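Read through the structure below, which is laid out as structure tokens, and then see the notes.
Quick caveat, the model's predicted, so the values are computed rather than measured. Throughout, residue positions are numbered sequentially from 1 according to the sequence presented. Only this structure's heavy atoms are used, side chains among them; waters, hydrogens and symmetry mates stay out.
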Amino acid sequence: MDSSRVGDSRSGQTRRQFVQLGAAGLTIPQLLAGSSRPVRGAGTASLDGFGRAKSCIVLFAWGGMSHLDTWDLKPNGPAEIRGAFLPIMTSVPGTMIGPHLPLLARQVDRLAIVRSVCHKAADHREAAYWNLTGHQPMVLGLPPIMPSRADWPSLGSQVALVRSKTGMDPGADNVSDPQTAPVTAARSEPASERAADKVIKAVSLSTDVLGPGTFPVGTFGRQDGYTNHETVELIGMIAESSQARTPLTRQVNGPVGDFTGSISGDGTAGDWGSDTHGRGGNLFLSGDGEPNRPHAGFGAHANKFITFDLDQIRKKHFENASGPLKLSARVGANGSILEAAQVQGGVWIDGKRVALSEELSRLDKSHNFTLYFSAGQRYLTLAMLNGPGNTSYDDTVFRDVQLALIDGDIPADAKVADDDEAAVTSLGDALPRTISIPYQIADRGLLNGQYGGFLGAQYDPIYVRPAKGTPYKGVSPAGAEVNLNLAPGVNESRLTSRRELLSTLETFDSQVRLQSPASQVERNREKAMNMLFSPQVRAAFDLRREPRSMREAYGDHICSQSVMQARRLTEAGVPLVTVYCSVGDLNGSSGDNWDTHTNNFQRLTNDLLPPLDRAASALLTDLADRGTLDETLVIIMTEFGRTPNINPAAGRDHYPGCYSVVFAGGGVRGGQVYGSSDARGSAPAELPCGPEDLHATIFHALGIDTTFEIHDLQGRPFPLCIGQPLPIF
């Protein structure tokens, strides 16, 4: 029984030509010397799907996934080839895959399974380099040559470069460094740091506009809270489980805003208080050393908001003046809350978030807001929120909330609401352009090809490990990950020293032995610091913000957590995320990695396939439900396959002569099998292709021209990729 089906080619191509670079003993630079651009294959330009994908998620099975036990079983072969697994039916009649991929079997109608990938590198270091960079390496195996700036950059680094230099990435600096775009963290400068404005008149939003007392907030997700039908449009509260778009005012055509990414928990109690605590107590900020007594301001318990009509305030308090308005306020935690609790304060203008404070405990000093509003900006919303890391529904305070009419224009260096909103709505501006999860990979030392290579330190990926998840058994390299979960008792207001983070990054640079200019290293450090100091970026990494049902669908394995993290990051604007679905260090093939020289079938059954199956299946379902699968390319790849013959240790050994790779989303036509292997799974029988063709396919989906020139350390130009896109679109 042959479960393979050969995919068709709508591009007019027939049998593909496989470029075997190693045949002549040439390296890429030697092969391309004298020619900076390759000749593109006939028919390539006519392929569908060019630029359909906005982002890409690479799931890399580090160690060498056995194609014969997953995507390309040989049930009619002899026992020494067939092994212990028999194929199962899938959602596509006639296409069968391994029995321990049952969830993905139901989604084969979304997959393009490529069964004819091959190359010449039988060593992990060389094979992974080839697949991670798309370029054949020099000898890296024995003795191992450690990573250096002479290496080709990783796939993610290449994508970051091209998107930066071609203007595809509006959040990147097209001249210098796409990963160090200035971060506006949706927070305001302290008023004390600005020169005094000429104030015509100022009013207290609590005492003068709303008035002292307590005010009902109605019920979750409904517009039935308090209003004075003039200056105060609505006082309400919002639940995380309510609709993603929640009205902030009573206006039928008024602004709407989404609080759901900024709150924690659905429960609440108490009303909105002005000049008193929301539950009748005093307003005071213990972190500022205030006494326990009433103060001018607002207090509320849990996730509540108040929306003011600035047009009405201008009419009632500023004689209809149209000049600029300046908001100044302090936000912090009420002194009576639990020490472990966290609160946040946020500001919205016309339904758009323009500022968000740090996560504050009762021991932290208050955060200052100074924001300017121009004529035409009408609805001002103050939101009192639970911090994402809180453990109970606690009390936020806005103190000394003053709205002033100023004389003259808004200062040129002032923080204007529109400026912050641009940063908030372009979260990708603050995120690195390439991220790897959950750790570096290694075999006899850190692996070549996973870094920025000759592009420099600014193109090195940031490594981030999810805070939770059942780990793969074994050892993973440590020291490179950016930890966005600050130590207990430490937050942004206390993060005055870079010592710990810089030490981590210095260790990373030393481990990788990358000799780079000090300025590049500093940019890499600044990139990580920007991540730590940006509430929006930290929120993108916060998996607790995912609904419980979604977290359960992915599962609690580190693989699942990493894949869910990758989806959040691509959704936030990162163009390519690599997830290593294995323990980081092969360590002589011990631990949970795909280097199954021993106990191949047991390790696949118990430790390796179930997490990948669940995570990848959940990802495809999640993307499809969100309507983003067609614009997100997903690849399941590895460095090589395993030998057809089973060895005496019930394992399979390294085998680059044939292996399988899977594509989904990003314009790829699902339900197809491209290419086939021979009866033993030892060589391609139809449509052979190589790692460079896989990369060309990824570039095609992302709208990147493979002839783009990339320059090495000597300034020599080379084409980005010499492969040809597979006609799977």
Kindly indicate, with the supporting measurements, whether the criterion salt bridge (charged side-chain N to carboxylate O under 4.0 Å, His left out) is fulfilled by D151 and R149. CA-CA 5 Å; D151 293 337; R149 288 295 173 215; over 6 Å; no

Y472: ring pair (Phe, Tyr, Trp, His ring centres under 6.0 Å) partners, not counting sequence neighbours: H557

Is there a salt bridge (charged side-chain N to carboxylate O under 4.0 Å, His left out) between D678 and R680 once you walk through the steps? CA-CA 5 Å; D678 61 20; R680 292 170 46 86; 5.8 Å; no

Taking atom CZ of R82 and atom CG of D69, what is their separation to the nearest 0.5 Å? 12.0 Å

Are the side chains of Y659 and N131 in contact, using a 4.5 Å heavy-atom criterion? yes

Rounded to the nearest 0.5 Å, how far apart are CZ of R669 and CG of L111? 13.5 Å

If you take all heavy atoms of I698 and L155, which pair is closest and at what distance? CD1-CD2, 3.7 Å

A side-chain contact here means heavy atoms from C-beta on lying under 4.5 Å apart; do Y463 and I437 qualify? no

Is a donor on one side and an acceptor on the other found under 3.5 Å between the side chain of R614 and the backbone of A553? yes

Do you know which two heavy atoms are closest between D693 and G723, and how far apart they sit? OD1-CA, 3.4 Å

Heavy-atom side-chain proximity of L68 to P644 below 4.5 angstrom: yes

Working to the nearest 0.5 angstrom, can you tell me the gap between R163 CZ and R433 CZ? 8.0 Å

In a check of side chain to side chain donor-acceptor pair (under 3.5 Å) between D653 and each of N645, N647, T643, T596, which one passes? N647

How long is the straight-line distance from CG of N593 back to CG of D607, given to the nearest 0.5 Å? 10.0 Å

Are F663 and L694 close enough that some pair of their side-chain heavy atoms sits under 4.5 Å apart? yes

Got a salt bridge between R125 and D123, using NZ or NE/NH1/NH2 to carboxylate O under 4.0 Å? no

Side-chain contact test, heavy atoms from C-beta onward, threshold under 4.5 Å: evaluate it for L543 versus R568 and give yes or no. yes

Straight-line distance of Q561 CD to K468 NZ, nearest 0.5 Å: 8.5 Å

Residue set satisfying ring pair (Phe, Tyr, Trp, His ring centres under 6.0 Å) with H124, at least two apart, ordered chain then number -> W62, F640, H654

Going through the checks in order, is the side-chain contact (heavy atoms from CB on, under 4.5 Å) test met by I728 and Q672? CA-CA 8 Å; I728 59 176; Q672 63 173 313; 3.5 Å; yes

Show me the pairs that pass side chain to side chain donor-acceptor pair (under 3.5 Å) and involve residues 573-585, at least two apart or across chains. none

State plainly whether the residues D622 and R567 are in salt-bridge range, i.e. N to O under 4.0 Å. yes

Ionic contact status for E631 with K54, cut-off 4.0 Å: yes

Heavy-atom side-chain contact between I57 and V563 under 4.5 Å: no

Give me the atom names and distance for the closest heavy-atom approach of E686 to S116. O-CB, 3.3 Å

Test of ring centre spacing under 6.0 Å for F85 and F601: yes

Which heavy atom of H119 sits nearest a heavy atom of P691, and at what distance? CD2-CG, 3.8 Å

